[in-house]
Amino acid sequence: MVYYVFAGLIYACILAILLLALVFGLRAKTYVKREKITCLATGFSPLDVQRVFIGKTYPRRLTRALIVHWAQVGYIRVKHVDKTRVRLTLVKKPPTHADKSAVFFDRGTYVRERDLFNRLFGKENAVVVNLNRAMFSRSAVKQANSGYAVREDEGVYSSTHYALKVLTTVLSVAPFFLASIYLCISLNSGMGTVFPFIMCMGLFFFRFVRDVPLFPRCAIGLSFGGGGVGLFIWWYTQISDPFGIGYTAVATLFIGSLLLIRFVDYREKNNLADYSDLVNYRKYLLFARKSELFTLDYYAALPYLYAFNIKPLVKRKFNTRQLPEWYISESGQRGKLL
């Protein structure tokens, strides 16, 4: 009887996670109007794309997008060095957000982007950038964001969004705790209480200690979480488990907290219109015919192709034969940037 109570609670948690992911995952999509968007608002930056989609900017992921964007707006010139490297030469610095000549979509994103630009050209007017590496260090990005009172997600996500994220995380971890408690009851031992503690240490380190690079973070997280989960599963092979609550609890722990939680998305109503425009513009780039995109300026769209991560899929639809005015290549080679 006790086993069925715990099994019922565990599967109730899973059902609740699935409902949250389904209901709130579809909420944002229901606001996406079926309309043709062929260009974005003036001043839109690749960082604005990230902010509207996920509420946070990751400049380290947008090296190529930012280079093309800055070149397109006239801040820099780009010279081909070799296949993976380019030399960026300063033409002019972005004006302050209060300047009448400043053109931007979101002021907070623009101020952060300007700060990063000035850091890049702080000491020299020309820098060589490897296109396969991040243009900014983690510490530079962190320092650029730490000095602002307004959060990046202001106007994107409400407090309800984060409450739902916390609830989904709790529901993802709860089955593992419940299964551990049942293991203690079944074995008449307190060993089951060790597994959730070890697992939580590993999961917390992997999810939230972002200052550590990805591979060391994965290794440390797995050394804690993997060991606890491995012992947990081994103990469950020693007892009767007709509904597979041991394996189900482990699957829910990882699938729920790392995957399904991403679908729980509750945006501010003001952000939904911008989100709709981005979704429709991305759809336009992906599904428009070659005859339509071939007449457009490929280099004006290129920063967004990088931001949407769809360049390999749609580049062939554009006319890419001519090099842009801001790109200098004595040999005529294009390199990885274009």
Side-chain angles (χ1 to χ4, degrees), residues 13 16-33 35 37 40-41 43-62 65-66 97 104-116 136 138 141-174 203-204 206-211 214 254-283 303-304 306-309:
C13 290
I17 295 169
L18 292 174
L19 287 174
L20 286 172
L22 179 63
V23 172
F24 293 101
L26 292 174
R27 176 181 178 271
K29 292 185 178 181
T30 59
Y31 284 87
V32 176
K33 303 175 184 178
E35 56 184 347
I37 302 293
L40 296 177
F44 222 95
S45 161
L47 293 181
D48 286 310
V49 174
Q50 284 188 335
R51 179 181 174 275
V52 171
F53 268 125
I54 58 179
K56 186 173 177 61
T57 59
Y58 291 96
R60 289 170 53 81
R61 302 178 186 176
L62 293 176
L66 287 173
H97 66 277
F104 53 84
F105 176 75
D106 177 78
R107 184 178 65 181
T109 303
Y110 178 80
V111 170
R112 288 172 169 81
E113 184 177 328
R114 182 177 180 274
D115 190 354
L116 288 171
F136 303 103
R138 293 178 184 273
V141 175
K142 186 176 181 180
Q143 191 174 356
N145 284 327
S146 63
Y148 303 108
V150 178
R151 299 185 315 184
E152 286 186 275
D153 62 359
E154 190 75 24
V156 179
Y157 293 121
S158 66
S159 58
T160 303
H161 172 83
Y162 296 102
L164 288 168
K165 290 286 188 181
V166 171
L167 177 60
T168 307
T169 302
V170 171
L171 289 171
S172 299
V173 176
L203 188 63
F204 178 86
F206 176 76
R207 285 289 304 277
F208 302 110
V209 185
R210 296 292 185 178
D211 291 336
L214 178 62
F254 293 104
I255 296 174
S257 61
L258 299 177
L259 178 63
L260 294 178
I261 193 173
R262 298 181 182 275
F263 293 94
V264 181
D265 189 304
Y266 195 91
R267 297 169 177 270
E268 296 277 13
K269 289 184 178 180
N270 293 337
N271 177 261
L272 289 168
D274 302 329
Y275 177 78
S276 178
D277 287 344
L278 281 181
V279 171
N280 283 311
Y281 181 56
R282 181 177 182 273
K283 190 181 297 183
Y304 310 117
Y306 277 127
F308 291 131
N309 198 26

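In this text, all values refer to a predicted model and were calculated from it rather than measured experimentally. Side chains included, hydrogens not; waters and symmetry mates left out as well; all remaining heavy atoms used.
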Could you state the interatomic distance from [atom1] ([X]) to [atom2] ([Y]), rounded to the nearest 0.5 Å?
| X | Y | atom1 | atom2 | result |
| --- | --- | --- | --- | --- |
| L62 | Q50 | CG | CD | 4.0 Å |
| L272 | D277 | CG | CG | 11.0 Å |
| T109 | K56 | OG1 | NZ | 11.5 Å |
| S158 | N271 | OG | CG | 10.5 Å |
| I261 | I255 | CD1 | CD1 | 14.0 Å |
| D48 | F44 | CG | CZ | 5.0 Å |

Notebook entry, point to check: Strictly under 6.0 Å, is that where the ring centroids of F263 and F24 end up?
Noted result: no

Checklist line | Residues forming a side-chain contact (heavy atoms from CB on, under 4.5 Å) with S172, sequence neighbours excluded | finding: I17, T168, S257

Min side-chain heavy-atom separation [X]-[Y] under 4.5 Å:
| X | Y | result |
| --- | --- | --- |
| Y157 | Y162 | yes |
| L278 | I37 | no |
| R112 | D115 | no |
| D274 | F105 | yes |
| R51 | F53 | no |

Check: V111 and H97: which non-hydrogen atoms are nearest, and at how many Å?
Finding: CG2-ND1, 3.7 Å

Item checked: Closest heavy-atom pair and its distance - P59, L66 -> O-CD1, 4.2 Å

Is there a donor-acceptor pair closer than 3.5 Å between any side-chain N or O of [X] and the backbone N or O of [Y]?
| X | Y | value |
| --- | --- | --- |
| Y304 | A65 | no |
| K165 | V264 | yes |
| E268 | V156 | no |
| R267 | V52 | yes |
| R60 | F136 | yes |
| N280 | S276 | yes |

Checklist line | S45 and E113 side chains, donor-acceptor separation under 3.5 Å | finding: yes

Next item on the list: For Y110, check ring pair (Phe, Tyr, Trp, His ring centres under 6.0 Å) against everything at least two apart and list the hits.
Entry: F104

